[in-house]
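Each remark here refers to the structure printed beneath this line.
Position 1 is the first residue of the sequence; numbering continues from there.
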Amino acid sequence: TILIEKIPSDDREFALQVVSTYLREEGINALSDVIEMWDRHGMRGSLLIEREAIVAGFSILRTTIESGLQTSEKNIKTRLDADLLLTTFVQEFERRLVRGKRPQRSGRSLEDVTGVILNHFEIPNFNDAPEHIKTVFEVDKLITLPNGWRIGVSCKRTLRERWKQSITLDEKLLDENKIYSTWHVLTHTGDLSVDKIQAIGELRSIIYVPDDSYFYKENLANHAIRNCLRPMSKFIDDIRNTIRNESD
């Protein structure tokens with residue numbers, strides 16, 4: 001139990017410093033990289049601590065078992081008994097991780113990097129989206145504009161099934177929640193299509209993708225999606241301009 005408690009349920013501590021440093025050095029050009037870096041670095045850090053914990057526990061248990069085998073009063077009578085106990089320890093440790101720490105970490109990495117990015121560029125008046133907003137609109141943060149309306153923001157690797165979900169939404173639902181628009185920063189464009197972008201764009205959403213991605217270059221002049229497909233380098237400027245425009 002003590003070893004399990006030492007394993008983090010949040011990846012922030014592993015990636016915050018390196019991501020913040022990279023943003024300071026590279027600015028907006030680092031956006032795509034830091035989203036990937038946050039998830040990759042954070043997960044690697046968490047798994048490393050898991051490995052260290054299980055090795056420590058395994059070593060302690062093995063030493064205890066071997067001491068027992070060498071005494072006259074043997075609770076563990078054979079080497080096979082010892083091996084079975086060690087195997088059981090590893091299985092139980094893994095079971096507790098699967099049921100506890102790992103699900104807590106799942107999905108937090110990229111959700112948190114959205115806040116790190118907005119903080120770094122000093123975007124005002126943003127906070128965590130309530131659970132019902134996250135579920136319906138798949139955004140992590142809400143930026144409150146001067147007029148009281150809000151922009152929903154998410155930074156993720158892929159579009160996933162969001163485009164299908166957008167078809168079931170309507171403007172009334174957006175208006176009821178005072179959602180001016182939802183903006184999704186995506187680092188991978190392999191599953192994108194013009195139809196998907198259009199489906200999301202019809203519900204006041206904008207997709208931001210890497211400037212140098214093949215999909216963006218291929219569709220740069222596509223009039224059907226030019227208002228809802230944007231280069232990632234314009235993400236922060238677009239937020240600032242929207243805040244400025246809505247304060248007039």
Side-chain angles (χ1 to χ4, degrees), residues 28 31-32 35 106-189 191-210 215-216 219-248:
I28 193 66
L31 214 56
S32 180
I35 293 171
S106 178
R108 287 188 180 182
S109 293
L110 295 182
E111 178 178 319
D112 286 339
V113 78
T114 306
V116 172
I117 290 167
L118 296 178
N119 259 323
H120 175 81
F121 291 103
E122 300 181 341
I123 301 301
N125 302 321
F126 77 85
N127 49 42
D128 290 336
E131 285 303 319
H132 71 283
I133 297 292
K134 289 181 182 178
T135 301
V136 175
F137 300 102
E138 288 213 36
V139 296
D140 305 323
K141 307 295 179 185
L142 289 174
I143 303 170
T144 302
L145 301 172
N147 61 8
W149 285 74
R150 301 179 293 181
I151 299 174
V153 178
S154 70
C155 296
K156 302 184 185 298
R157 285 171 295 180
T158 63
L159 191 62
R160 299 190 301 182
E161 298 300 306
R162 192 178 297 113
W163 71 280
K164 292 181 180 178
Q165 183 170 306
S166 71
I167 297 174
T168 66
L169 303 178
D170 55 38
E171 290 201 62
K172 181 180 178 182
L173 190 58
L174 288 163
D175 292 341
E176 287 175 352
N177 289 279
K178 300 203 75 174
I179 305 294
Y180 171 83
S181 182
T182 60
W183 297 6
H184 306 281
V185 181
L186 308 175
T187 62
H188 291 184
T189 61
D191 66 337
L192 293 182
S193 68
V194 171
D195 288 342
K196 289 182 181 181
I197 299 296
Q198 281 183 301
I200 282 192
E202 289 173 0
L203 270 302
R204 305 202 305 240
S205 294
I206 301 174
I207 304 297
Y208 288 84
V209 298
F215 184 83
Y216 179 71
N219 292 283
L220 182 60
N222 189 329
H223 292 281
I225 58 174
R226 65 179 180 179
N227 292 328
C228 49
L229 179 68
R230 296 281 290 159
M232 198 177 289
S233 62
K234 296 297 183 184
F235 174 63
I236 296 299
D237 283 344
D238 286 353
I239 291 177
R240 289 170 174 162
N241 289 335
T242 301
I243 292 173
R244 188 180 306 113
N245 292 337
E246 295 303 322
S247 65
D248 293 340

With rounding to the nearest 0.5 Å, note down the distance linking CG in L173 to CZ in F137. 4.0 Å

Do I207 and I225 have side chains that get closer than 4.5 Å, going by heavy atoms? no

For residues I28 and S233, report the shortest heavy-atom separation together with the two atoms involved. CG1-O, 3.5 Å

Within a 6.0 Å radius of atom OH on Y216, are there more than 12 heavy atoms belonging to other residues, nucleotides or ligands? yes

Compare every heavy atom of A129 with every heavy atom of I133, then report the nearest pair and how far apart it is. CG2-CB, 4.0 Å

Throw together a table of side-chain donor-acceptor distances under 3.5 angstrom for residues 234-241, partners on residues two or more places apart or in other chains.
from: D238; atom 1: OD1; to: R230; atom 2: NH2; distance (Å): 3.0
from: D238; atom 1: OD2; to: Y208; atom 2: OH; distance (Å): 2.7
from: D238; atom 1: OD2; to: R230; atom 2: NE; distance (Å): 2.9
from: D238; atom 1: OD2; to: R230; atom 2: NH2; distance (Å): 3.1
from: R240; atom 1: NH2; to: F121; atom 2: O; distance (Å): 2.9
from: N241; atom 1: OD1; to: R244; atom 2: NH1; distance (Å): 2.6
from: N241; atom 1: ND2; to: D237; atom 2: O; distance (Å): 3.2

Pairs involving residues 179-189, ordered by first then second residue, that meet salt bridge (charged side-chain N to carboxylate O under 4.0 Å, His left out) (sequence neighbours left out): none

Heavy-atom distance under 4.5 Å between the side chains of C228 and I200, does that happen here? no

Any C155 side-chain heavy atom under 4.5 Å of L31 side chain: no

Restricting to non-hydrogen atoms, name the atom on Q198 and the atom on A224 that form the minimum distance, rounded to 0.1 Å. NE2-CB, 3.5 Å

Compile the donor-acceptor pairs under 3.5 Å between side chains in residues 143-152 and protein atoms, sequence neighbours left out, one pair per line.
from: N147; atom 1: OD1; to: W149; atom 2: N; distance (Å): 3.0
from: N147; atom 1: ND2; to: E246; atom 2: OE1; distance (Å): 2.6
from: R150; atom 1: NH2; to: N177; atom 2: O; distance (Å): 2.6

Which residues pass the side-chain hydrogen bond (donor to acceptor under 3.5 Å, both in side chains) test with H120, sequence neighbours left out? none

To check you understand the geometry: which heavy-atom pair defines the closest contact between E171 and L203, and what is its length? N-CD1, 3.9 Å

Which pair of heavy atoms, one from L142 and one from P130, lies closest together, and at what distance? CD1-CD, 3.8 Å

Scan N127, T114, D128 and name whichever one has a side-chain hydrogen bond (donor to acceptor under 3.5 Å, both in side chains) with K141. D128

Hey, could you give me the CD1/OG1 distance between I123 and T242, rounded to the nearest 0.5 Å? 10.0 Å

Can you see which heavy atom on L192 is nearest to which on I197, and at what distance? CD2-CD1, 4.1 Å

Suppose we screen for side-chain hydrogen bond (donor to acceptor under 3.5 Å, both in side chains). Which residues come up paired with T182, at least two apart in sequence or across chains? H184, S205

Going by the salt bridge (charged side-chain N to carboxylate O under 4.0 Å, His left out) test, which pairs reach into residues 172-184, not counting sequence neighbours? D175-R204

Sub-3.5 Å donor-acceptor pair from the side chain of S193 to the main-chain atoms of K196, do we have one? yes

